[in-house]
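Lettering of chains follows the sequences in order, A, B, ..., and the numbering in each one begins at 1.
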Amino acid sequence: MKKIEAIIRKSKFDEVKEALHLIEVNFFSYWDVTGVGNEKQGHVYRGVSYSTSDIQRRFLSIVVSDPFLDRTMDVLLKTAYTGVVGDGKIFVSDIEETYRIRTKEKGSDALK
Amino acid sequence: MKKIEAIIRKSKFDEVKEALHLIEVNFFSYWDVTGVGNEKQGHVYRGVSYSTSDIQRRFLSIVVSDPFLDRTMDVLLKTAYTGVVGDGKIFVSDIEETYRIRTKEKGSDALK
Amino acid sequence: MKKIEAIIRKSKFDEVKEALHLIEVNFFSYWDVTGVGNEKQGHVYRGVSYSTSDIQRRFLSIVVSDPFLDRTMDVLLKTAYTGVVGDGKIFVSDIEETYRIRTKEKGSDALK
Amino acid sequence: MDTNGVLDLLWILIAGILVFFMQAGFTLVETGFTRGKNAGNIIMKNIMDFCIGSLGFWAIGYTIMYGDTIGSFVGSPSLFFSDSENMHNLFFQTVFAATAATIVSGAIAERTKFTTYLIFSMIMTVFIYPISGHWVWQGEGWLTNLGFIDFAGSTVVHSVGGWASLVAAYLVGPRIGKYTNGKSNAIQGHNLLIGALGVFILWFGWFGFNGGSQLAISGDNANAVAGIIITTNLAAAAAAISAMFVSWGLYKKPDISMTLNGALAGLVAITAGCAAVSPMGAAIIGVLAGALVVFSIEFIDKKLKVDDPVGAVSVHGVCGAFGTLLVGVFAVDGGLFYGGGFHLLGVQATGVIAIGTWAMTTAFVVLFTLKKVIGLRVSKEEEIDGLDIHEHKANVYND
Amino acid sequence: MDTNGVLDLLWILIAGILVFFMQAGFTLVETGFTRGKNAGNIIMKNIMDFCIGSLGFWAIGYTIMYGDTIGSFVGSPSLFFSDSENMHNLFFQTVFAATAATIVSGAIAERTKFTTYLIFSMIMTVFIYPISGHWVWQGEGWLTNLGFIDFAGSTVVHSVGGWASLVAAYLVGPRIGKYTNGKSNAIQGHNLLIGALGVFILWFGWFGFNGGSQLAISGDNANAVAGIIITTNLAAAAAAISAMFVSWGLYKKPDISMTLNGALAGLVAITAGCAAVSPMGAAIIGVLAGALVVFSIEFIDKKLKVDDPVGAVSVHGVCGAFGTLLVGVFAVDGGLFYGGGFHLLGVQATGVIAIGTWAMTTAFVVLFTLKKVIGLRVSKEEEIDGLDIHEHKANVYND
Amino acid sequence: MDTNGVLDLLWILIAGILVFFMQAGFTLVETGFTRGKNAGNIIMKNIMDFCIGSLGFWAIGYTIMYGDTIGSFVGSPSLFFSDSENMHNLFFQTVFAATAATIVSGAIAERTKFTTYLIFSMIMTVFIYPISGHWVWQGEGWLTNLGFIDFAGSTVVHSVGGWASLVAAYLVGPRIGKYTNGKSNAIQGHNLLIGALGVFILWFGWFGFNGGSQLAISGDNANAVAGIIITTNLAAAAAAISAMFVSWGLYKKPDISMTLNGALAGLVAITAGCAAVSPMGAAIIGVLAGALVVFSIEFIDKKLKVDDPVGAVSVHGVCGAFGTLLVGVFAVDGGLFYGGGFHLLGVQATGVIAIGTWAMTTAFVVLFTLKKVIGLRVSKEEEIDGLDIHEHKANVYND
Ligand SMILES: Nc1ncnc2c1ncn2[C@@H]1O[C@H](COP(=O)(O)OP(=O)(O)O)[C@@H](O)[C@H]1O
Ligand SMILES: Nc1ncnc2c1ncn2[C@@H]1O[C@H](COP(=O)(O)OP(=O)(O)O)[C@@H](O)[C@H]1O
Ligand SMILES: Nc1ncnc2c1ncn2[C@@H]1O[C@H](COP(=O)(O)OP(=O)(O)O)[C@@H](O)[C@H]1O
């Protein structure tokens with residue numbers, strides 16, 4: 001099992017979610033984070049113009065069983081893409097064990 | 001050392017916290033996330049009734065030393081349980097190193 | 001590649017960010033979490049005085065290529081430090097793969 | 001000035017100040033019912049339409065509306081109204097004009113260009129609104145001559161705003177994501193508590209809106225004003241209850257946003273007849289308007305597929321027209337149910353249709369022109385990211 | 001109507017409009033002091049109690065209170081009040097009745113069934129409140145005959161609401177998690193800024209509440225009204241300061257929510273005597289009420305273990321009774337400190353006890369019946385998840 | 001009291017109630033424009049300055065300001081004002097005094113010790129403000145004798161608050177992180193919607209502030225009051241538009257917070273001349289003030305490097321002084337543009353300078369002393385964590 005952590009533009013979220021749905025990745029959690037990176041955003045506040053790299057992003061945490069990894073990555077890389085600086089990053093790491101609380105199922109069963 | 005990431009019902013949080021306390025797991029961090037999964041929630045807004053699987057959940061990140069893993073898992077699986085779809089998931093992964101900033105302690109010493 | 005998860009005092013964030021900038025760690029994501037730990041904070045609300053260990057913290061998730069790991073840790077341990085209970089923890093774990101969505105770059109290239 | 005004159009002026013000023021405060025109510029309802037990423041833009045639109053309206057109505061709008069009539073159709077305009085005996089009237093009419101204008105901002109929220117809105121808003125206050133207003137309130141307008149009753153402006157103010165909203169929301173098109181595969185999706189408002197506070201503020205201001213429209217309080221006007229306050233309050237209360245129960249029936253739960261809209265629907269509907277109907281008539285008008293607004297919101301959203309985030313068309317347009325028609329039914333003097341026959345109802349219908357046509361036509365021409373010249377809508381990217389960061393380089397909410 | 005009549009009517013209307021706005025203040029205080037997951041439910045309860053109260057008081061409540069007396073105990077009811085000379089009085093009394101009703105929603109917030117609340121609220125406005133109100137304000141009630149002074153309703157309005165709240169909060173029981181192992185836990189309000197805005201709005205409206213209760217402003221009433229505004233303001237200010245310092249002493253820091261409650265405590269306490277005491281008397285009443293409210297909140301929470309999330313019992317019940325008693329002490333005319341002896345104090349105590357008993361008994365009977373018939377409380381699951389999502393299928397806060 | 005007297009008193013009371021509500025507006029503007037972690041502290045400061053002001057002005061401030069003059073410089077103080085014929089005046093003046101005091105809390109927000117603020121606020125209302133107020137409004141003050149015109153207090157109220165703010169913000173020093181390497185950083189306000197609501201409330205209240213300052217409405221005063229309402233509204237509207245366009249030019253986008261400040265700048269600037277200038281004059285004053293406030297905020301922030309989170313110095317100090325001077329230019333009777341020559345302008349300048357010097361000097365002495373004795377500023381740790389959790393052991397926002 002792998003954990004995919006994708007940090008994407010908030011504006012791309014609906015599209016990404018839709019696309020994940022189509023490949024039957026219907027389980028994940030997300031929340032809003034502030035991202036620091038290459039992209040800069042212009043702000044003005046009370047006469048101070050500044051450019052900040054602290055930009056609102058959406059963080060998706062998706063744990064998938066190994067066979068799902070590739071297609072999930074494909075979908076994410078494709079639908080979160082705009083080509084403009086700031087599209088975000090995806091990190092993949094290993095998950096040792098997964099449990100579904102309701103059924104006590106373990107491993108990839110818990111991910112169905 | 002292991003990282004336990006538990007995504008549970010917000011309504012179960014107080015109970016879970018209490019139970020963790022009893023087994024002396026007194027260190028963790030949590031935040032609110034939106035979970036997508038099997039559970040559906042009915043909403044109505046301005047005449048549009050819809051059912052959404054985007055539901056508010058609480059995300060707990062608990063890093064424990066190996067001997068604590070099992071009992072923590074037991075407690076989580078037991079107290080976060082209702083039996084109704086939507087109880088949540090628990091993911092276990094490996095942590096290579098832990099530091100306590102204040103003391104510079106490392107490894108499981110930092111988790112005491 | 002490693003993922004560094006640092007849970008620090010909100011009040012130390014600006015300093016930490018500045019210091020990371022100086023060693024050219026310019027990519028990370030952060031969000032606010034509630035931390036449970038040794039530190040206690042006194043509250044009063046409508047006549048009930050209580051002390052809570054649920055304290056607002058900032059969670060930084062920084063993925064770095066291996067050569068950056070040590071200096072990032074050094075900076076974090078130094079700048080997030082106050083010496084008072086509650087300075088926070090740092091967890092290091094392994095990342096298997098990283099992608100930059102915009103360019104499809106992989107591995108440590110994606111972290112530049 | 002004699003005592004009666006002072007009393008009347010005092011009441012007009014106080015009522016006008018209350019109506020002014022309705023601008024805050026509109027701002028809160030509109031921001032509360034839309035998403036946080038556009039809140040700053042809505043704030044700016046609401047402040048600016050009032051500011052533009054204040055200057056524009058003083059500069060020329062007031063005399064277009066109240067100047068000596070030219071063919072019962074429009075007043076003789078003169079620039080920069082400065083009759084120091086009528087400053088209270090200028091004030092009271094200014095806040096009314098701004099109300100008509102501000103209604104539109106809600107219907108086209110979250111996707112409309114800021115500059116386009118500013119221009120439209122100016123035309124609304126100095127041209128569209130004062131001309132149809134002249135027909136009814138100047139004293140010699142052609143609808144006045146017919147005997148049309150719109151005491152405080154269900155049609156003159158609210159419907160004009162509401163129908164212009166309909167045209168505007170139609171021309172601007174729905175927000176991205178509002179309709180997918182022909183299905184209407186819910187785009188939740190970001191803060192219903194702020195929306196509810198807005199409704200309370202509007203209700204509070206409405207006592208000035210309707211009560212002040214008596215334009216006097218001395219002598220016999222006193223009891224008349226008190227009666228207006230009661231009819232206004234009863235209609236609003238009855239409508240909120242009615243909307244709640246209707247939504248309860250339809251969706252199995254009492255719906256918050258529909259109940260809030262219900263209160264406003266009742267207020268809009270009673271505005272035309274607040275001085276002409278009995279308390280019982282007011283309560284019935286409220287019940288009907290509260291039910292109507294729920295169905296109207298559904299109809300406009302799901303059938304017409306016009307995306308109106310705050311329900312401005314239903315609340316102000318539909319319920320404004322409906323309330324005006326009901327005067328023909330419930331007016332103690334001349335209404336159908338009081339033995340007055342169909343005459344008044346016919347006159348009311350004439351007024352509703354004439355003014356509706358005027359508002360829609362002019363709004364269409366203006367907005368269509370603006371669409372061609374500078375465009376109505378922000379870019380897709382701006383809309384998705386939120387108007388605040390692109391149109392104002394700012395976020396309303398921060399740490 | 002003659003000029004004096006117009007002046008009086010104008011003042012009553014304006015005061016009534018201000019009192020209406022207090023509904024917004026109550027809504028904000030109650031939502032601010034409770035959790036976000038129940039905010040929509042509180043909004044609905046607050047809007048509905050006003051709507052139900054408006055219809056109910058017009059339909060029958062007003063005449064139960066002000067109709068010709070039947071044995072100095074209750075007015076002769078008649079349906080659908082329609083005396084066009086007294087619409088201003090109906091309005092002013094309606095907003096008072098709604099105030100008494102709305103107090104309860106705060107005390108039982110976050111756990112009470114919506115339907116149950118609606119029914120209780122109706123009974124409150126058409127039965128419980130008008131009857132005890134009759135005793136004091138109709139002119140021939142038995143407490144009036146005794147010489148009981150409750151100028152603007154510390155007891156008639158606030159205590160009635162407060163004591164009903166006590167019974168209601170007791171019967172409904174504490175929120176889940178409020179008491180564990182016999183210890184009281186803090187359940188923090190979700191937005192104290194909204195709560196503070198609510199307090200400002202209440203204070204603002206209270207000038208109408210107390211000032212308007214003179215029911216006239218012409219002639220000699222003018223200075224009386226001005227005096228009331230001053231006593232009202234001084235008591236509120238003194239009470240907020242006093243509550244702040246007391247909380248500072250007790251908890252080592254000036255407490256925000258206690259200070260806010262302190263201001264309200266001062267306002268409630270001065271309501272009975274605002275026309276009877278001197279500015280200095282008002283300031284002293286304020287200081288005492290501000291201190292009292294802090295101890296009372298602690299007592300009710302920790303000793304009685306009655307869970308009252310917003311402090312309604314202490315603010316309205318306890319301080320209302322206390323303020324009414326203090327009239328017997330500080331009334332310039334007849335008060336203990338002004339050489340009037342204990343007579344007035346005795347009368348005041350009689351009124352406080354009689355009305356307190358009435359409110360508690362009737363509230364108990366009604367709520368106990370409701371408990372048996374439809375239940376008072378939502379299910380455990382609904383309460384934990386929040387009432388908004390279960391009772392209204394909606395969230396107040398979204399993106 | 002005769003009818004005219006009643007009318008005047010009624011208007012003063014209503015205006016005073018509106019001005020009271022401005023306290024809520026200030027609270028919202030100040031909290032909205034600062035960070036959430038300090039919101040509770042700002043709430044407390046705003047409530048407390050009003051409470052302290054209410055008691056202090058009644059206890060002694062009022063007579064220092066309006067007592068029989070001692071050398072045209074200060075009134076003869078007497079304790080606990082209790083003239084029952086002048087309670088309306090006490091009330092109206094109290095809410096003015098509290099306005100002057102509350103201005104300062106915004107400028108020194110997010111870093112100032114609570115106790116220090118309480119003490120300063122008391123001295124402001126019972127000493128600094130009433131003395132310079134005496135010079136202009138008591139009737140025999142030395143500035144009155146010169147012919148100085150400050151109708152509703154651009155200088156007497158707003159500039160006094162503004163200049164005291166400047167000294168205070170300077171002495172307290174900038175917030176941590178505001179200036180780094182000589183560069184000014186933006187510290188965003190946490191809720192501009194709340195700030196915008198505050199501006200609407202202030203605007204609403206300002207009709208009472210300026211209109212009420214006529215201190216009468218009977219007879220010829222009626223039209224005068226109506227004229228004031230119009231000039232007030234036009235100046236505010238023009239200033240908001242002007243600030244928006246200036247910010248648009250400077251930053252390429254219409255700036256929300258500058259537009260909000262613009263409206264307030266217009267209101268402050270017209271306050272001196274609202275009864276002396278024509279509607280056109282008012283609009284021009286508004287345009288100028290709206291532009292000025294943008295540059296002034298930049299100047300004070302970037303050049304003077306005085307950290308004023310809400311722009312209090314620019315809005316109240318700079319625009320207050322500017323508006324007072326412009327009376328010398330635009331006064332229909334005696335202004336430079338109306339052929340009155342430079343005389344009035346000179347008098348206005350004298351008043352502006354005299355009162356500015358007074359406010360700055362006394363504020364400096366008081367605050368400098370407080371700095372030495374108890375300190376002005378919270379500890380670095382408290383400031384970074386937020387004042388709420390340290391000074392009040394509470395968070396304003398919770399679940
Ligand atoms: N090393 C990293 N660790 C954690 N988050 C990162 C990292 N690098 C980038 N991010 C996240 O990805 C977002 C987009 O990255 P950015 O550098 O702006 O664009 P791009 O990837 O197109 O060059 C950042 O705002 C941040 O949230
Ligand atoms: N693969 C996953 N990755 C991340 N989060 C998940 C995953 N699966 C489930 N979750 C989280 O767990 C929550 C509960 O899951 P759900 O499928 O609704 O119930 P159940 O586990 O009882 O079938 C989801 O709302 C989501 O937040
Ligand atoms: N094992 C853990 N897992 C996750 N988060 C932790 C863990 N231990 C500590 N934290 C986080 O670190 C914060 C600081 O820890 P605390 O024990 O209060 O101070 P200290 O580390 O100085 O002893 C906690 O509030 C919590 O957010």
Which bit of F:Asn261 comes within less than 4.5 Å of chain A, counting heavy atoms only: side chain, backbone, both or neither?
-> side chain
Look at atom CZ of A:Phe59 and say whether more than 12 heavy atoms of other residues, nucleotides or ligands are closer to it than 6.0 Å.
-> yes
Partner set under ring-ring contact (aromatic ring centres under 6.0 Å, His included) for F:Trp163, not counting sequence neighbours = none
Does A:Lys104 NZ have over 12 foreign heavy atoms under 6.0 Å away?
-> yes
Taking only heavy atoms into account, what residues of residues 28-52 of chain A are found under 4.5 Å from chain F?
-> A:His43, A:Val44, A:Tyr45, A:Arg46, A:Gly47, A:Val48, A:Ser49, A:Tyr50
Only counting residues at least two apart or in another chain, list the ones meeting side-chain hydrogen bond (donor to acceptor under 3.5 Å, both in side chains) with A:Glu96.
-> B:Lys2
Check the surroundings of atom NZ in F:Lys302: do more than 12 heavy atoms from other residues, nucleotides or ligands lie under 6.0 Å from it?
-> yes
Whatever's closer than 4.5 Å to a heavy atom in chain A on F:Ile297 counts as side chain
Toward chain A, the part of F:Gln188 with a non-hydrogen atom under 4.5 Å = both
Side chain, backbone, both or neither: which part of F:Phe33 has a heavy atom under 4.5 Å from chain A?
-> both
Cut-off 4.5 Å, heavy atoms of chain A, and the answer for F:Lys252 is neither
F:Ser257: partners by side-chain hydrogen bond (donor to acceptor under 3.5 Å, both in side chains), with sequence neighbours left out | F:Asp255
May I ask you to name which of F:Val294, F:Val310, F:Leu192 has the most heavy-atom pairs under 4.5 Å with chain A?
-> F:Val310
